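None of the values given here were measured: they were computed from a predicted structure.
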Amino acid sequence: MSSTNKEKKKVSEKDKEVLENIMEELEQEAADKAKEQEQTEGEKADEKAKEKAEEENAASENAETSDSEAPAEGEEAPKKKGIFGKKDKKDPLKEKVDELNDRVMRQMAEFENFRKRTEKEKAQMFEQGQSNVLAKLLPVIDNFERGLAAVPEAEKDGAFADGMNKIYKQLLKEVEDLGVTPIEAVGKEFDPNLHNAVMQVESKEYESGIVAQELQKGYMFHDNVLRHSMVAVSQ
């Protein structure tokens with residue numbers, strides 16, 4: 001055999017050996033990768049099984065806790081928690097809706113208070129206006145009473161006196177319908193809230209401190225004094 005053929009044979013055997021080594025390395029690498037993948041899949045399956053078991057245990061514990069920690073009557077219920085004991089994440093949209101609802105409720109309450117206060121003030125102003133008008137009518141009533149008292153006995157049954165008396169009674173009825181009532185004075189104990197004492201007189205009929213004479217009639221408008229009675233008090 002020539003030297004050239006011997007060299008070619010050596011080269012081919014060497015290449016074959018190298019090729020076999022490369023194949024063995026590739027097979028070993030593929031086997032290692034397959035083993036590693038199998039091990040990874042097994043670990044993942046174990047982790048999933050473990051997580052599932054933990055979730056089931058947590059759910060069972062939460063159910064038992066909710067049953068055992070149920071609030072008694074009058075107590076506030078505890079806030080709900082998530083599966084792993086953490087508080088459930090609040091919904092930002094629900095928080096915004098709750099905030100707007102609370103703001104609307106507050107504004108409605110403020111408006112209702114404003115409406116009631118305004119109505120009360122209007123009623124007070126209206127009553128004060130009535131009081132001022134009625135107070136200006138009292139001198140007219142006084143003049144009717146003085147005029148009727150000055151009519152002679154012979155003319156009291158006349159048409160003029162009778163007409164004046166009817167107008168006087170009509171005027172009294174109208175102011176009484178509006179809430180005006182006369183203050184009782186004669187024979188009553190002197191009350192500075194109702195009576196205005198302008199003099200003291202000696203009286204055998206009344207004890208000291210009792211109103212003996214009424215010099216000018218006083219009137220009440222509902223629960224307020226429209227005009228104090230001008231009186232003389234016994235000594």
Side-chain angles (χ1 to χ4, degrees), residues 74 97-235:
V97 171
D98 292 341
E99 180 183 352
L100 293 175
N101 185 58
D102 181 67
R103 188 183 302 176
V104 170
M105 294 298 291
R106 289 176 181 274
Q107 289 181 349
M108 289 179 64
E110 291 177 359
F111 177 76
E112 183 65 17
N113 293 334
F114 171 76
R115 185 183 65 80
K116 291 180 180 179
R117 184 171 62 252
T118 303
E119 288 182 353
K120 184 178 180 180
E121 291 175 355
K122 286 172 62 178
Q124 291 176 347
M125 292 175 63
F126 181 74
E127 186 172 341
Q128 183 63 38
Q130 277 187 312
S131 177
N132 293 337
V133 173
L134 292 171
K136 292 180 179 180
L137 289 177
L138 297 182
V140 179
I141 295 175
D142 295 339
N143 290 333
F144 266 104
E145 291 176 347
R146 294 190 189 98
L148 292 173
V151 175
E153 288 293 334
E155 298 180 5
K156 284 186 177 182
D157 294 333
F160 179 76
D162 183 60
M164 293 289 292
N165 191 39
K166 288 180 179 179
I167 296 174
Y168 168 69
K169 289 181 179 180
Q170 183 181 5
L171 179 60
L172 284 182
K173 183 180 183 305
E174 291 299 330
V175 295
E176 285 177 1
D177 290 342
L178 293 173
V180 178
T181 55
I183 297 174
E184 296 183 7
V186 178
K188 300 292 182 180
E189 184 177 359
F190 174 74
D191 184 353
N193 295 320
L194 303 175
H195 309 135
N196 181 21
V198 295
M199 59 186 299
Q200 287 185 325
V201 295
E202 294 182 358
S203 176
K204 297 180 180 178
E205 184 178 359
Y206 300 107
E207 297 178 357
S208 176
I210 303 298
V211 176
Q213 295 179 13
E214 184 180 55
L215 306 177
Q216 187 182 54
K217 189 178 293 184
Y219 292 91
M220 297 284 295
F221 179 54
H222 298 304
D223 296 329
N224 300 319
V225 176
L226 189 60
R227 187 178 71 183
H228 289 78
S229 299
M230 189 181 297
V231 297
V233 182
S234 61
Q235 295 180 346

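Scanning both residues, Val180 and Phe221, for their nearest heavy atoms gives CG2-CD1, 3.9 Å. Closest non-hydrogen pair, Ser203 versus Ser234, comes out as CB-CB, 3.9 Å. Nearest heavy atom pair, residue Val201 against residue Ala232, reads CG1-CB, 4.1 Å. In terms of heavy atoms, Ala185 sits closest to Val211 at O-CB, 3.1 Å. When every heavy atom of Ala212 is checked against every heavy atom of Tyr206, the shortest pair comes out as CA-CD1, 3.8 Å. Considering every non-hydrogen atom in both Leu148 and Ala161, the closest pair reads CD2-O, 4.1 Å.
Remark: Asp102 pairs with Arg106 by the side chain to side chain donor-acceptor pair (under 3.5 Å) rule, at least two apart or across chains. Qualifying side chain to side chain donor-acceptor pair (under 3.5 Å) partners for Asp98, counting only residues two or more places apart in sequence or in other chains: Lys94. Asp223 pairs by the side chain to side chain donor-acceptor pair (under 3.5 Å) definition with nothing, not counting sequence neighbours. Not counting sequence neighbours, the partners of Asp142 by the salt bridge (Lys or Arg N to Asp or Glu O under 4.0 Å) test are Arg227.
Although no hydrogens or angles enter the test, the distance criterion places no donor-acceptor pair under 3.5 Å between the side chain of Asn101 and the main chain of Val97. Panel note: side chain His228, backbone Asn193; a donor-acceptor pair is recorded below 3.5 Å.
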Stepwise side chain to side chain contact (heavy atoms under 4.5 Å, CB included) test for Tyr219 and Ile141: CA-CA 11 Å; Tyr219 292 91; Ile141 295 175; 3.6 Å; yes
Side chain to side chain contact (heavy atoms under 4.5 Å, CB included) evaluation trace for Val151 with Phe160: CA-CA 10 Å; Val151 175; Phe160 179 76; 5.9 Å; no
Side chain to side chain contact (heavy atoms under 4.5 Å, CB included) between Thr118 and Lys122, worked out: CA-CA 6 Å; Thr118 303; Lys122 286 172 62 178; 4.0 Å; yes
His195 vs Ile183, side chain to side chain contact (heavy atoms under 4.5 Å, CB included): CA-CA, chis, key distance, verdict: CA-CA 9 Å; His195 309 135; Ile183 297 174; 4.1 Å; yes
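Side-chain contact between Lys116 and Lys120 is absent, with no heavy atoms from C-beta onward closer than 4.5 Å. Taking the side chain as every heavy atom from C-beta outward, Glu174 and Leu137 never approach each other to under 4.5 Å.
Of the inter-residue distances, the one linking Phe114 atom CZ with Glu121 atom CD reads 8.0 Å to the nearest 0.5 angstrom. Atoms OG and CD, on Ser131 and Gln124 in that order, are 13.0 Å from each other to the nearest 0.5 Å. Separating the CD atom in Gln235 from the CE atom in Met199 is a distance of 9.5 Å, to the nearest 0.5 Å. The CD atom of Glu184 sits 11.5 Å away from atom CE of Met220, with the distance rounded to the nearest 0.5 Å. Residue Gln128 holds its CD atom at 10.5 Å from CD of Gln130, rounded to the nearest 0.5 Å. In this structure, CG in Leu194 is found 11.0 Å from NZ in Lys188, a value given to the nearest 0.5 Å.
Evaluation of the salt bridge (charged side-chain N to carboxylate O under 4.0 Å, His left out) test over residues 149-167, restricted to residues two or more places apart or in two chains, returns Glu153-Lys156, Asp162-Lys166. Legend: salt bridge (charged side-chain N to carboxylate O under 4.0 Å, His left out) pairs involving residues 199-219, not counting sequence neighbours, sorted by first then second residue: Glu145-Lys217.
Salt bridge annotation for Lys173-Glu176: absent, with no cationic side-chain nitrogen under 4.0 angstrom from a carboxylate oxygen.
Other residues, nucleotides and ligands place no more than 12 heavy atoms under 6.0 Å from the CD atom of Glu189.
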